[in-house]
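Below is one structure; the comments refer to it alone.
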Number of protein chains: 2
Amino acid sequence: MAGRRRWSTEEILDAAAELLRTSDTDSFSVRKLAAALGTDSSSLYRHFRSKTELLRAVADRILLAAVDGYHPEGDWKQRITALALRVREAFRQQPQLAAVWGRYASSGTGSRLVMEEVLQALRAAGVPDEEIPARYHRIAILIAALIASEAGVSAITPEEQEQGMELFRVAVLGADPERFPALAHFARDVRPLGVDRRAAFEEILAAHLVHIEAHRAGFSGAGTPSTPCDTPC
Amino acid sequence: MAGRRRWSTEEILDAAAELLRTSDTDSFSVRKLAAALGTDSSSLYRHFRSKTELLRAVADRILLAAVDGYHPEGDWKQRITALALRVREAFRQQPQLAAVWGRYASSGTGSRLVMEEVLQALRAAGVPDEEIPARYHRIAILIAALIASEAGVSAITPEEQEQGMELFRVAVLGADPERFPALAHFARDVRPLGVDRRAAFEEILAAHLVHIEAHRAGFSGAGTPSTPCDTPC
DNA sequence: ACCTGAACACCGTTCAAGT
DNA sequence: ACCTGAACACCGTTCAAGT
């Protein structure tokens with residue numbers, strides 16, 4: 001007879017990950033998770049103190065799945081970029097998870113693997129040990145912010161997205177050329193935040209890594225021989 | 001006699017901004033806004049089709065307040081930085097607003113003023129006209145992502161923040177040195193995402209602007225005379 | 001010892017019925 | 001023409017009562 005069995009924490013996490021992956025549009029809730037497991041939401045509160053704690057645990061699984069099959073390749077920038085793109089892909093279409101992760105990075109094996117790889121890449125880059133924690137911190141913030149905000153965009157309904165697009169068009173095309181000359185001039189080419197996110201992600205991250213490389217060269221004197229770059233450039 | 005008056009859209013927006021500003025911890029809701037106005041939530045749906053539409057309108061007011069009193073000063077990088085810091089400050093402690101704004105930039109006068117200033121600064125930087133829309137797009141994404149994710153951190157309860165801190169400590173300090181050598185090595189210095197956000201914001205933005213400057217120099221040949229920088233550095 | 005039902009205190013949104 | 005009450009379909013979380 002179907003009902004009444006005990007669910008392990010593992011099984012609950014699996015079911016939560018599954019539910020988050022399949023239910024694209026509508027939002028995740030403890031009650032829906034309980035329903036999917038054929039139990040009552042109150043039962044889940046024996047395994048988790050709060051919804052946030054549950055989501056944090058699932059976020060680490062996503063991270064784990066993201067690094068699964070990853071092997072370092074290329075130079076340190078390529079390694080960080082490849083890893084970041086994997087994490088980004090893993091969190092896409094799972095807005096609530098990305099938001100939680102962005103708020104406060106998870107803490108399990110997945111998180112450790114990502115941290116380890118980025119730290120090693122920074123060492124390979126030749127960044128002095130004493131600067132690595134700060135560099136890591138900035139990279140983590142940048143990547144988490146971009147992924148979380150991207151997930152936020154895909155979290156709203158298509159209608160709201162279309163409304164937002166329309167508002168943007170009105171703001172840009174309807175700008176008074178007297179008061180907003182530059183905006184009026186670029187009106188046809190300026191784009192809303194929601195488009196072209198993948199390219200933007202890669203470019204912004206690349207720019208940040210190049211900046212680190214330049215600084216490292218400035219400090220250690222071991223930059224590419226052709227371009228000394230001793231002013232911040 | 002107190003009850004039963006008509007509220008203009010303006011008054012509702014003012015009250016919403018006020019409520020968002022004062023109610024630090026607990027979350028904003030249409031019902032609470034209605035209660036603050038002494039009316040029923042259903043009345044508000046004559047003025048706004050949805051909560052999102054309402055929040056978008058308030059977000060533009062915040063933007064307007066952010067640029068109030070702003071005057072361009074210094075070089076183009078300083079102008080963009082000063083403006084970004086103002087916007088950041090305006091959205092702090094208003095997580096729900098920042099999230100909505102991050103999802104889809106607002107559309108009123110506030111938004112226009114910010115766009116105008118950034119576009120003018122990019123022109124002043126000497127970025128070729130045909131590149132400005134793309135550069136603007138990346139800058140806007142970067143700033144919005146950082147601000148929204150920062151607001152996300154301050155949105156969670158202190159208890160959840162402390163839990164997250166504890167989880168982070170466990171993840172870092174408890175890492176097996178065999179499996180995570182770099183993480184174990186930097187364990188004492190690596191910091192969680194939530195700390196030092198202001199410095200991180202300034203540094204990440206500065207790095208991005210420096211990158212634009214370097215590229216502009218590479219393309220136009222009008223960089224600082226001492227450092228040609230024709231490779232991406 | 002474990003789980004459940006029912007409740008508490010909320011949400012956003014709609015719409016018939018009132019004034 | 002405008003507004004309201006009441007309802008719909010949800011939330012996260014708790015806890016006494018059951019098995």
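So you know, we letter chains A, B, ... as the sequences are listed, proteins then strands, and number each from 1.
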Could you list all N or O pairs between the protein and nucleotides 13-15 of chain C that sit under 3.5 Å apart?
from   : atom 1 : to      : atom 2 : distance (Å)
C/dT13 : OP2    : B/Tyr45 : OH     : 2.4
C/dT13 : OP2    : B/Lys51 : N      : 2.9
C/dT13 : O5'    : B/Tyr45 : OH     : 3.3

(request) Verify the distance criterion only: is there a donor paired with an acceptor across the side chains of B/Glu11 and B/Ser8 at less than 3.5 Å? (result) yes
(request) Give a yes/no on whether any side-chain N or O of A/Arg46 is located under 4.0 angstrom from OP1 or OP2 of C/dC3. (result) yes
(request) Round to a whole Å and report the spacing from NE2 of A/His47 to C1' of C/dA1. (result) 13 Å
(request) Round to the nearest Å and state the distance from B/Leu44 atom CG to D/dT4 atom P. (result) 10 Å
(message) For A/Glu116 and A/Gln120, which I'm curious about, is there any donor-acceptor pair between the side chains at under 3.5 Å?
(response) yes
(request) Please report, rounded to the nearest Å, how far the P atom of C/dG12 is from the CD atom of A/Glu159. (result) 18 Å
(request) Could I get the full list of side chain to side chain contact (heavy atoms under 4.5 Å, CB included) partners for B/Val87, not counting sequence neighbours? (result) B/Leu63, B/Ala66, B/Phe91, B/Trp101, B/Val114, B/Ile147
(request) Go through the structure and list residues passing salt bridge (charged side-chain N to carboxylate O under 4.0 Å, His left out) with B/Asp40, not counting sequence neighbours. (result) none
(request) Can you run down the side chain to side chain donor-acceptor pair (under 3.5 Å) pairs that involve residues 60-72 of chain A, sequence neighbours left out, and say none if there aren't any? (result) A/Glu10-A/Arg61, A/Asp14-A/Arg61, A/Asp60-A/Ser106, A/Tyr70-A/Glu117
(request) Starting from P on D/dG12, measure out to CD on A/Glu53 and report it in whole angstrom. (result) 15 Å
(request) Provide the distance between the two P atoms, one in C/dA9 and one in D/dC10, to the nearest whole Å. (result) 22 Å
(message) Can you give me the dot-bracket string for DNA chain D, 5' to 3', counting Watson-Crick and G-U wobble pairs with both distances under 3.5 Å, using [ ] for crossing pairs and | for partners on another strand?
(response) ||.|||||...|||||.||
(request) List for me each residue that meets side chain to side chain contact (heavy atoms under 4.5 Å, CB included) alongside B/Gln78, sequence neighbours excluded, and say none if there are none. (result) B/Asp75
(request) Would you tell me if any nitrogen or oxygen in the side chain of A/Ser43 comes within less than 4.0 Å of OP1 or OP2 on C/dT4? (result) yes
(request) Using the test side chain to side chain contact (heavy atoms under 4.5 Å, CB included), find all partners of A/Arg179 that sit at least two apart in sequence or belong to another chain. (result) A/Asp176, B/Thr109
(request) Using the side chain to side chain donor-acceptor pair (under 3.5 Å) rule, collect all pairs that involve residues 185-194 of chain A, keeping only residues at least two apart or in two chains. (result) A/His185-B/Arg123
(request) Taking only the side-chain nitrogens and oxygens of A/Lys32, find out if one of them lies under 4.0 Å from OP1 or OP2 of D/dC11. (result) yes
(message) Which residues pass the side chain to side chain contact (heavy atoms under 4.5 Å, CB included) test with A/Arg46, not counting sequence neighbours?
(response) none
